[in-house]
Amino acid sequence: MARDGCLARVTAGVAVGGAVGGAVGAVYGTYEAIRYKVPGLLKIRYIGQTTLGSAAVFGLFLGAGSLIHCGKSY
């Protein structure tokens with residue numbers, strides 16, 4: 001039972017981290033694409049790469065943090 005609760009917490013952490021990271025990555029990628037004058041349809045590719053990379057990193061760290069806190073009782 002405790003493992004299911006821990007797995008649910010880690011999964012929720014990864015999901016929330018991915019959502020927050022995706023939002024931040026989309027905003028930052030758009031800003032950088034405009035700032036560096038990325039040409040044409042390459043802007044969409046650049047923004048997509050930034051969004052996915054940021055979502056992956058945020059999700060990884062939030063999932064790891066959830067896993068660390070899973071075993072602690074306060």
Side-chain angles (χ1 to χ4, degrees):
M1 182 76 181
R3 294 184 101 180
D4 293 333
C6 184
L7 182 62
R9 280 186 176 181
V10 172
T11 304
V14 170
V16 170
V20 171
V24 170
V27 171
Y28 183 71
T30 303
Y31 169 74
E32 287 289 315
I34 292 170
R35 180 179 177 197
Y36 291 119
K37 297 181 176 86
V38 177
L41 290 177
L42 289 177
K43 284 181 186 168
I44 295 171
R45 182 178 178 186
Y46 186 81
I47 293 168
Q49 286 177 344
T50 306
T51 301
L52 290 177
S54 183
V57 170
F58 271 77
L60 175 73
F61 283 122
L62 209 58
S66 299
L67 184 63
I68 290 170
H69 285 288
C70 189
K72 292 184 179 182
S73 61
Y74 295 102

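Predicted model only: the values in this text are computed from it and were never measured.
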Heavy-atom closest pair, residues His69 and Arg9
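The answer is O-NH1, 4.1 Å.
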
With a cut-off of 6.0 Å (strictly less than), are more than 12 heavy atoms of other residues, nucleotides or ligands near CG of Leu41?
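Result for CG/Leu41: open.
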
Other members of the hydrophobic cluster containing Ile68, with the 4.5 Å side-chain heavy-atom rule, please.
none

Name all residues meeting the side chain to side chain contact (heavy atoms under 4.5 Å, CB included) criterion together with [X]; count only those two or more places apart in sequence or in a different chain, and write none if there are none.
| X | value |
| --- | --- |
| Leu67 | Cys6, Val10 |
| Val16 | Val20, Leu62 |
| Thr11 | Leu7 |

Residues in side-chain hydrogen bond (donor to acceptor under 3.5 Å, both in side chains) contact with Tyr28, at least two apart in sequence or another chain
Glu32

Which side chain to side chain donor-acceptor pair (under 3.5 Å) pairs, counting each pair once, include a residue from residues 39-54, with sequence neighbours left out?
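The answer is none; no pair qualifies.
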
With Ile47 as reference, evaluate Val38, Leu42, Leu52, Thr30 under the side chain to side chain contact (heavy atoms under 4.5 Å, CB included) test and give the passing residue.
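Only one option passes, and that is Thr30.
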
